[in-house]
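Scroll down for the structure; my scribbles are underneath it.
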There are 2 protein chains.
Amino acid sequence: MFSKACEYAIRASTYIALKSLEGTRVSLKEIAEKIDSPVAFTAKVLQQLSKNNIVDSVKGATGGFQISTQNISNIKLAQIVYAIDGNNVYEGCGLGLKKCNANEPCPVHDKFVQIRADLKNMLENTSLYDMTIGLEEGLTSLRR
Amino acid sequence: MFSKACEYAIRASTYIALKSLEGTRVSLKEIAEKIDSPVAFTAKVLQQLSKNNIVDSVKGATGGFQISTQNISNIKLAQIVYAIDGNNVYEGCGLGLKKCNANEPCPVHDKFVQIRADLKNMLENTSLYDMTIGLEEGLTSLRR
DNA sequence: ATTAAATAGGATAAAATTGTCCTATTTATA
DNA sequence: TATAAATAGGACAATTTTATCCTATTTAAT
């Protein structure tokens with residue numbers, strides 16, 4: 001459904017949000033460990049997220065990544081997915097047609113529209129804060 | 001959502017079904033033209049579909065691909081997707097975790113379960129015959 | 001000032017997916 | 001029987017995605 005890069009992006013952002021709520025900034029190394037992702041590749045993903053103002057990066061010793069409390073509540077998964085994978089998940093035709101819309105639909109257009117709408121709705125209504133609920137108590141996990 | 005191979009598989013199967021309903025067998029060349037796909041790559045996909053008994057292939061002059069009337073009604077999109085892309089679409093974790101289930105879920109497990117169930121349900125309830133409805137009259141399209 | 005720890009980013013490599021090419025085989029038909 | 005048209009399938013090539021490596025830059029702390 002999402003690219004690997006996007007999966008890492010969501011998991012990394014969620015972990016950064018979790019630690020930011022505790023008031024601590026986290027390093028790339030720690031993030032990659034905690035979400036079980038390749039370090040250097042995760043660095044690229046975090047660069048993208050930083051450029052898209054989804055995470056804040058601080059350079060230098062004691063630097064790392066963080067997200068403001070306000071943004072933890074405001075940033076939705078949809079923004080992260082869009083920043084990494086673009087709008088293909090939302091708009092692309094299920095059968096790969098370039099031109100597929102209500103006027104000239106593929107045979108499953110209407111059915112895909114519904115499913116994509118549900119997905120979009122979910123992504124637009126799930127904040128990073130929502131993602132962190134349950135993580136502390138170990139009810140949910142970002143690795144394995 | 002699906003691989004290119006799977007998109008071609010669904011479009012090709014649908015076109016073959018359409019022509020089989022008219023009582024004619026179709027060649028690889030014609031299929032690729034009508035669904036606007038790369039010929040040689042489509043050949044590989046059709047080989048897979050043939051091995052999985054989704055389409056029947058006939059070798060030699062006047063040969064080609066066809067689907068029995070019975071199978072046009074019975075074969076669902078789910079079988080095609082499974083034959084080409086495996087069960088990842090149905091079972092894979094939305095965030096890419098290898099182990100993600102009700103016991104040890106990722107933060108969006110429940111939400112993804114719902115969306116995937118809807119997708120699965122749609123794929124399991126859409127037959128190739130369903131796919132052909134509207135194609136003849138030009139209400140739907142398999143190319144562009 | 002030096003050092004060490006951190007992100008930024010360019011270059012490159014590996015892997016997976018997508019796509020092409022060529023030959024073998026099959027089979028209807030002239 | 002020879003030919004032409006079709007699928008089967010192996011080998012290879014191109015592209016995209018994923019991943020790694022190395023150097024530059026920034027910055028806190030000694």
Side-chain angles (χ1 to χ4, degrees), chain A residues 1-13 15-16 19 24-33 35-67 81 83-86 88-89 92 95-96 98, chain B residues 1-13 15-16 19 24-33 35-67 81 83-86 88-89 92 95-96 98:
Chain A
M1 186 157 309
F2 306 132
S3 67
K4 281 279 168 200
C6 189
E7 292 173 354
Y8 298 150
I10 295 174
R11 280 149 62 192
S13 301
Y15 182 71
I16 296 167
K19 300 303 276 190
T24 68
R25 184 185 291 161
V26 280
S27 71
L28 163 65
K29 197 180 156 211
E30 179 181 344
I31 295 167
E33 270 168 14
I35 70 170
D36 191 29
S37 67
V39 180
F41 190 65
T42 304
K44 302 294 189 191
V45 172
L46 287 169
Q47 268 181 50
Q48 279 295 111
L49 292 178
S50 176
K51 282 177 182 167
N52 283 275
N53 300 310
I54 287 166
V55 305
D56 299 323
S57 87
V58 178
K59 295 175 92 172
T62 77
F65 297 89
Q66 61 192 19
I67 307 177
V81 171
I84 305 295
D85 281 351
N88 198 278
V89 183
L95 301 189
K98 282 157 214 145
Chain B
M1 185 156 310
F2 306 133
S3 67
K4 281 282 168 197
C6 189
E7 292 173 353
Y8 297 149
I10 295 174
R11 280 150 61 192
S13 301
Y15 183 71
I16 297 167
K19 298 304 273 190
T24 69
R25 183 186 292 160
V26 280
S27 70
L28 163 65
K29 197 180 156 211
E30 179 180 342
I31 295 167
E33 270 168 15
I35 71 170
D36 192 28
S37 67
V39 178
F41 190 65
T42 304
K44 303 294 189 191
V45 171
L46 287 169
Q47 268 182 52
Q48 278 295 112
L49 293 178
S50 175
K51 282 176 183 166
N52 283 275
N53 299 311
I54 288 166
V55 304
D56 300 323
S57 85
V58 178
K59 295 175 89 172
T62 77
F65 297 90
Q66 61 193 20
I67 307 177
V81 172
I84 305 295
D85 282 351
N88 198 278
V89 183
L95 301 189
K98 282 158 213 144

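To find a chain, count down the sequence lines: A is the first, B the second, and so on, and within it residues start at 1. This one's a predicted model, so the numbers in the text were calculated from it and none came from an experiment.
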Where the side chain of A:S13 meets the backbone of A:A9, is there a donor-acceptor pair that is under 3.5 Å apart? yes
Answer yes or no: is there a side-chain heavy-atom contact under 4.5 Å between B:L46 and B:I16? yes
Strictly distance-based, threshold 3.5 Å: is any side-chain N or O of B:D85 a donor or acceptor partner for the main-chain N or O of B:V81? no
Using whole Å, report how far NZ of B:K4 lies from C1' of C:dA16. 16 Å
Let me know the distance between CZ of B:F65 and P of D:dA5, rounded to the nearest Å. 17 Å
Rounding to an integer number of Å, can you tell me how far A:F41 CZ sits from C:dG9 C1'? 15 Å
By side chain to side chain donor-acceptor pair (under 3.5 Å), which residues pair with A:S57, not counting sequence neighbours? none
In B/S/- notation (B base, S sugar-phosphate only, - none; protein heavy atoms under 4.0 Å), nucleotides 21-30 of chain D written 5' to 3' is -----BBS--
Nearest whole Å is fine: how far is C:dG19 P from B:I84 CD1? 14 Å
Results of ring pair (Phe, Tyr, Trp, His ring centres under 6.0 Å) for A:Y8 - residues two or more places apart only: A:F41
Quick one: B:L46 CG to C:dT18 P, roughly how many Å, whole number? 15 Å
Could you check how far NZ of A:K29 sits from C1' of C:dA4, rounded to whole Å? 13 Å
Please give, in whole Å, the distance from C:dA5 C1' to A:E30 CD? 14 Å
Given D:dG9, is OP1 or OP2 found less than 4.0 Å from the side-chain N or O atoms of B:Q47? yes
So, OP1 or OP2 of C:dT7: does either fall under 4.0 Å of a side-chain N or O from A:S50? no
In whole angstroms, how far is the P atom of D:dG10 from the CD atom of B:Q48? 12 Å
Side-chain N,O (A:Y8) to OP1/OP2 (D:dT18) below 4.0 Å: no
Decide yes or no for A:Y15 and A:E30: does some side-chain heavy atom of the first lie under 4.5 Å from some side-chain heavy atom of the second? yes
Would you indicate whether the side-chain heavy atoms of A:L49 and A:F65 approach each other to under 4.5 Å? no
At under 4.0 Å, does any side-chain N or O of A:S27 touch on OP1 or OP2 of C:dT7? no
